[in-house]
Amino acid sequence: MTGRTRVAVLASGGGSNLQAVLDHLAALGSRRAADVALVVAGRETAGALARARRADIATAIALPDSLGEILHAHAIDLVVLAGYLSFVPGAVTERWAGRIINVHPALLPSFGGHGLYGLRVHRAVLEAGARVSGATVHFVDAEYDRGPIIAQWPVPVAAGDTPETLAARVLRVEHLLLPRAVDALARGNLSLDAAGRVRGGTAVAPLDAFSLHPPDDASLVADIDALFSP
Ligand code: GRF
């Protein structure tokens, strides 16, 4: 893993977003600009750890006060939060400012913030009667779920949706957005400037995108690819 951006993925859940990043980087092969060098979970039962071990990637269980030290010890360049439910200390968000991102299963700043994670997000979207949800990839700063947005993609809310069916439709888009954001950051096609503005692929899909792209539509991938093309 020489010369490429060293990525740590922090995950407390099943790790499907971690898997999407691993699969995307593997598909890029020698063209990839990053490697996942470490997977950190808040608890041993995280499915993400099993996925990391299957891919022969270093793993760690980190409590908030040891997280910075573990990331430093593994010479991590880019931190990716993907369903990480533990607290990320300010010392880490400051030290990796502009190099720490998160994926959230809604269109931030709506339906984000403390207590809104996992199925709770989709339940809140349905209870609000929202017609559109989506996924957001954003830089992480000191304020939970409020860092500068890198990319978003809308996902339709269908009549009769349950939190689970909506979650599955949004997750499909998360799996497309997050790996491309990781690659664009590693490639330098995307960055956070000193004024806190996102430079590079900050396009937000035209809201009619979802009407053209049911999540199983093959051109969805091409259009999300285009979102990150310099
Ligand atoms: C994803 O929906 C992510 O947006 C949210 O938690 C879920 C993690 O799922 N933060 P997985 O562990 O990546 O499958």
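Both backbone and side-chain heavy atoms feed into the values below; hydrogens, waters and symmetry mates do not. All ligand and atom numbering here is 1-based and tracks the order in the structure.
Considering only non-hydrogen protein atoms, atom 8 (C) of ligand 1 sits nearest to Gly83 CA, 3.8 Å. Annotation: atom 1 (C) of ligand 1 to nearest protein heavy atom, Glu174 OE1, 3.1 Å. The protein non-hydrogen atom at the shortest distance from atom 14 (O) of ligand 1 is Ser16 OG, 2.5 Å.
Backbone and side-chain nitrogen or oxygen atoms of Gly15 are examined, and one is located within less than 3.5 angstrom of a nitrogen or oxygen of ligand 1. Between Asn17 and ligand 1, at least one pair of N/O atoms sits closer than 3.5 Å.
Side-chain contact between Ile101 and Val182 is present, with at least one heavy-atom pair separated by less than 4.5 Å. At least one side-chain heavy atom of Asn102 sits under 4.5 Å from a side-chain heavy atom of Asp145.
Identified under the side-chain hydrogen bond (donor to acceptor under 3.5 Å, both in side chains) test for residues 80-101, with sequence neighbours left out: His72-Arg95.
In this structure, Gly14 counts as a contact residue of ligand 1, since one of its heavy atoms falls inside 4.0 Å of the ligand.
Between Ser191 and Leu185 the shortest heavy-atom distance is CA-CD2, 4.5 Å. Between Ile76 and Ala37, the shortest heavy-atom distance links the atoms CD1-CB, 4.1 Å.
Listed by chain and number, the residues in a salt bridge (charged side-chain N to carboxylate O under 4.0 Å, His left out) with Asp141 amount to none (sequence neighbours excluded).
Within ligand 1, counting atoms from 1 as listed, the ones closer than 4.0 Å to a heavy atom of Gly13 are 12 (O).
Only the side chain of Leu171 comes within contact range of ligand 1, with a heavy atom under 4.0 Å; no backbone atom does.
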